[in-house]
Every structure is written in C-alpha cells, then in structure tokens.
Amino acid sequence: MYQKPLPIEITCLTPEETDARITTARRCLGEDLIILGHHYQRDEIIKWADFRGDSLKLSQLAAQHPEAKYFIFCGVHFMAESADILTTEEQIVILPNMNAGCSMADMANIHQVEDCWEVLGQATDTSRIVPITYVNSTAALKAFVGRNGGASCTSSNAAKVVEWALNRGDKLLFFPDQHLGRNTAVALGLDPERDMFVYDPHKPNGGTTPEEIQAKRVILWKGHCSTHARFTVTQIAETRAKYPDVQIIVHPECSLDVVNAADSYGSTEKILKTVTDAPAGTTWGIGTEINMVSRLARANPDKTIFCLDPVVCPCSTMYRIQPHYLLWVMEALVRGEVVNQIKVPESIAKDARLALDRMLTIV
Ligand code: CIZ
C-alpha cells in the first residue's frame with residue numbers, strides 16, 4: 001500500500017477551513033455518498049460518519065444501501081476490503097489514507113498461511129482442519145479460508161464460529177490473532193496448555209513438531225494487536241486498588257491473563273452496550289482503544305469511565321485517517337475523480353465472500 005502525499009493546498013488548511021470544505025463537499029455528494037466510521041476513529045472524523053460501528057456492522061450496512069454510489073470507509077484497509085466484497089460490482093469503496101493498515105492483519109500473509117497448511121499437512125489430514133480467520137485479515141486470507149471449508153469471525157461472534165469449527169473438524173487453525181483464538185477456545189472449555197499450541201511463521205516448521213500437531217486441537221497463529229497488548233494484569237490490580245467498586249471490561253484481543261483478571265470482556269459493540277446500559281454512578285475501567293473509551297466517557301457523564309492504560313493508547317493505523325485525507329477523497333469525488341479505491345479482484349473476492357457468508361449463516 002502506498003499513500004501519495006496530499007497537495008500542499010490541503011495540508012495547509014486549518015481545522016476550521018477543512019471542516020467548511022468537507023461540509024460543502026458533503027452537500028454536493030448528497031445521497032451518492034455514505035461515510036462509514038469505525039468506533040476507533042477520532043472525533044474529528046467520526047462526526048462526519050453517517051454510520052458508526054464495528055467493521056462487520058459497517059460492511060453490512062454498506063451492503064444494505066444499493067442506492068449509494070460511493071462509500072468512504074474511515075477505518076483500516078481490511079475493513080474497506082470487506083465492504084467491497086459485500087457490496088455490488090458498481091459500488092465504489094474508498095479508504096481515505098492507503099497507509100491505514102492493521103499491524104495484526106500484516107502478521108499473517110497468504111504465503112505464510114499456505115506454508116503453514118503444508119507443514120500441517122505433513123503431520124495430519126488438512127481436510128479435517130477447519131481454518132478460521134478473524135475479520136482483521138486480508139481478503140486473500142479470507143479467500144484461503146473460504147476455499148478450505150472455513151469461515152471468518154469477528155470478536156462478537158468468535159465463540160459461535162469456533163464452536164462450529166470444532167464440531168465440523170478434528171482441529172482448527174485460527175489466525176491472525178492468537179489471543180482472540182485462545183480466549184474463545186478457553187471460554188468453550190478447552191485448555192490452553194493441553195489443547196492448543198502457537199504456530200510461529202518466523203520459525204522453521206512454525207516452531208512445532210508433527211507430534212504436537214497430531215496431539216492438539218487448536219492451532220493459534222502467532223499474531224497480536226499492538227494496542228490491546230498494552231493492557232496488563234498489573235493495570236487491573238492497580239485500578240481495583242484505587243476504585244474498589246470498579247468493573248473492568250476488556251477486549252478479547254487482550255491476553256488470556258488480562259481477560260481472566262477482568263470482570264467481563266467483549267467486542268467494541270459489546271463494550272459500548274454494556275457500559276451505556278450500566279446504571280448511573282457506576283465506575284468502568286476499559287481495556288480497548290482510547291478514542292472509543294473517551295467518547296464513551298463523554299456520552300455517559302453520569303458514570304466514571306476511563307481507559308486502563310494510563311498512557312494514551314490510540315490505534316496508530318486508525319489514526320492515519322485525518323480530516324485532510326477525508327477532504328481530499330471527497331473533493332476528488334465532487335470533481336468526478338475516484339482516488340484510493342479499494343477493489344478486491346473477483347478471483348479473490350468470490351472465495352472471501354464464501355468465508356464471510358459462512359460466518360453469517362453460523363451466527
Ligand atoms: O471488528 C472490528 O471492528 C474490530 C476490529 C473489533 C471489534 O471488537 O469490533
């Protein structure tokens with residue numbers, strides 16, 4: 001991915017000038033355009049979003065709007081790919097900054113996953129392994145999963161998808177996030193030591209042996225989210241010492257010990273709902289991205305809400321969507337030009353759609 005520098009004429013604009021020009025472009029584009037804003041986007045971006053949500057909700061919303069010609073996805077690359085896969089051939093999905101990737105999604109590429117499949121195949125029958133990819137993955141990985149009888153999952157529906165996979169095959173390969181895979185399998189009663197191992201794509205044969213592959217049911221990919229890796233059991237203990245009534249809720253991309261130390265865990269949508277529905281006067285320590293937590297705190301002034309990480313932890317790649325980039329892609333559309341289109345080739349999209357559709361039928 002490469003993002004060409006923005007014109008100086010745009011980068012020099014003040015926030016007020018930028019907002020005024022976005023407003024004009026928005027008016028010009030009318031119903032042709034829908035702006036999608038992920039929960040982790042900053043306020044200066046989310047205020048322009050026609051819809052807010054997690055990646056799947058936003059992609060599904062896009063698919064429910066056949067009248068729209070363009071979707072600007074204020075999120076990261078894999079999310080715009082999912083939106084492109086689920087919308088029609090004629091609809092155009094745009095990512096304002098091509099450098100807004102996802103470091104976790106980058107931790108598993110198709111060549112590494114195909115190598116892994118070969119390593120597993122030397123030890124066991126891969127037709128009995130069900131591959132599951134978290135939506136935070138490239139379309140090529142979703143296509144691999146679709147071709148090999150597996151499904152995608154999100155952090156909201158991972159439990160149902162993993163349960164389905166365990167009933168369907170003898171083993172499951174979960175990528176790219178080892179933590180979501182481990183937390184989900186543990187919640188379904190599997191043991192992290194007895195039943196699982198981590199495949200490391202940077203080691204010969206994934207750092208595993210045929211005996212280990214044969215013995216264990218769950219193969220976890222060595223990938224993680226850099227934002228959620230910042231949350232620790234120590235932060236939780238310190239928070240409990242300071243606020244004895246606090247309730248701790250964390251994202252399942254956090255490690256197992258952090259999830260175990262929390263009172264509850266769940267996807268962005270679950271965290272939002274749990275905290276929003278909680279009674280006034282309650283106190284919440286949250287383990288997820290700071291923009292979402294800060295917005296939740298402002299929307300619920302009757303509760304005490306804060307991020308467990310005392311040092312601000314924005315998702316650095318989500319943060320690359322800045323108002324200047326949004327303006328740039330919108331003004332291009334007004335001139336009749338499409339910049340930064342995310343287009344998944346149909347040869348990949350058709351198998352990736354299988355993985356997404358299978359997930360939707362399971363949940
Ligand atoms: O699916 C998403 O949008 C992500 C990245 C996490 C979540 O929990 O919603």
Side-chain angles (χ1 to χ4, degrees), residues 36-42 45-46 49 51-63 71 73-86 93 95 100-108 132-139 141-142 151-162 174-181 183-184 187 223-231 249-255 258-259 262 264-276 286-293 295-296 307 313-321 352 355-356 359-360 363:
L36 305 167
H38 189 270
H39 290 312
Y40 291 161
Q41 289 291 310
R42 58 178 80 189
I45 290 293
I46 210 85
F51 299 106
R52 296 178 193 185
D54 65 12
S55 61
L56 181 70
K57 179 172 158 185
L58 291 174
S59 298
Q60 287 178 307
L61 274 163
F71 299 98
F73 207 128
C74 297
V76 292
H77 194 271
F78 77 82
M79 300 181 179
E81 281 190 334
S82 296
D84 179 57
I85 292 166
L86 294 178
V93 178
L95 182 67
C102 166
S103 61
M104 179 206 288
D106 291 344
M107 289 177 196
I132 301 295
T133 188
Y134 188 22
V135 283
N136 296 36
S137 56
T138 61
L141 262 57
K142 293 185 180 85
S152 292
C153 76
T154 68
S155 45
S156 310
N157 60 31
K160 283 195 180 146
V161 175
V162 167
F174 191 100
F175 48 85
D177 183 23
Q178 60 171 302
H179 300 294
L180 179 64
N183 289 325
T184 307
H224 66 272
C225 162
S226 313
T227 298
H228 290 104
R230 294 185 58 90
F231 298 107
I249 185 163
V250 300
H251 196 275
E253 291 172 18
C254 294
S255 65
V258 168
V259 166
S264 55
Y265 70 94
S267 63
T268 53
E269 292 284 334
K270 178 171 172 188
I271 295 174
L272 273 174
K273 184 164 171 27
T274 306
V275 177
T276 306
I286 305 183
T288 197
E289 203 272 346
I290 188 71
N291 282 302
M292 185 180 124
V293 178
R295 207 154 35 239
L296 203 46
C307 182
C313 61
C315 170
S316 58
T317 49
M318 286 271 181
Y319 215 63
R320 293 184 181 150
I321 307 293
L356 290 165
M359 165 181 78
L360 295 172
V363 299

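Numbering of ligands and ligand atoms starts at 1, following listing order. Positions are given from 1, in the same order as the sequence printed here.
Scanning all heavy atoms of the two residues, the minimum distance from Pro252 to Tyr265 falls at CB-CD1, 3.8 Å.
Remark: the Ser267 side chain and the His251 side chain contain no N/O donor-acceptor pair separated by less than 3.5 Å. A side-chain donor from one of Glu253 and Tyr134 sits under 3.5 Å from a side-chain acceptor of the other. Side-chain contact, Glu269 with His39: a donor N or O sits under 3.5 Å from an acceptor N or O.
The N/O atoms of Ser155, backbone and side chain alike, include one that comes under 3.5 Å of an N/O atom in ligand 1. Looking at ligand 1, you'll find an N or O of His251 within less than 3.5 Å of one of its N or O atoms. Checked against a 3.5 angstrom limit, the closest N/O atoms of Ser55 and ligand 1 fall inside it. Ligand 1 has no nitrogen or oxygen under 3.5 angstrom from a nitrogen or oxygen of Asn136.
Looking only at protein heavy atoms, the nearest one to atom 3 (O) of ligand 1 is His38 NE2, 2.6 Å. The single protein non-hydrogen atom nearest to atom 9 (O) of ligand 1 is Thr268 OG1, 2.5 Å, given as residue, atom name and distance.
Lys270 places no side-chain N or O within 3.5 Å of a backbone atom of Ser156 that could act as its donor or acceptor partner.
For the ligand labelled ligand 1, residue Leu56 lies outside the 4.0 Å heavy-atom shell.
For the pair Thr288/Val293, a side-chain contact is recorded, criterion being any heavy-atom separation below 4.5 Å from C-beta on. A 4.5 Å side-chain heavy-atom check between Leu58 and Phe71 finds every atom pair outside the cut-off.
Residue Asp54 touches ligand 1 through backbone and side chain together, judged by heavy-atom distances below 4.0 Å.
Ligand 1 places these atoms under 4.0 Å from at least one heavy atom of Ser267: 8 (O).
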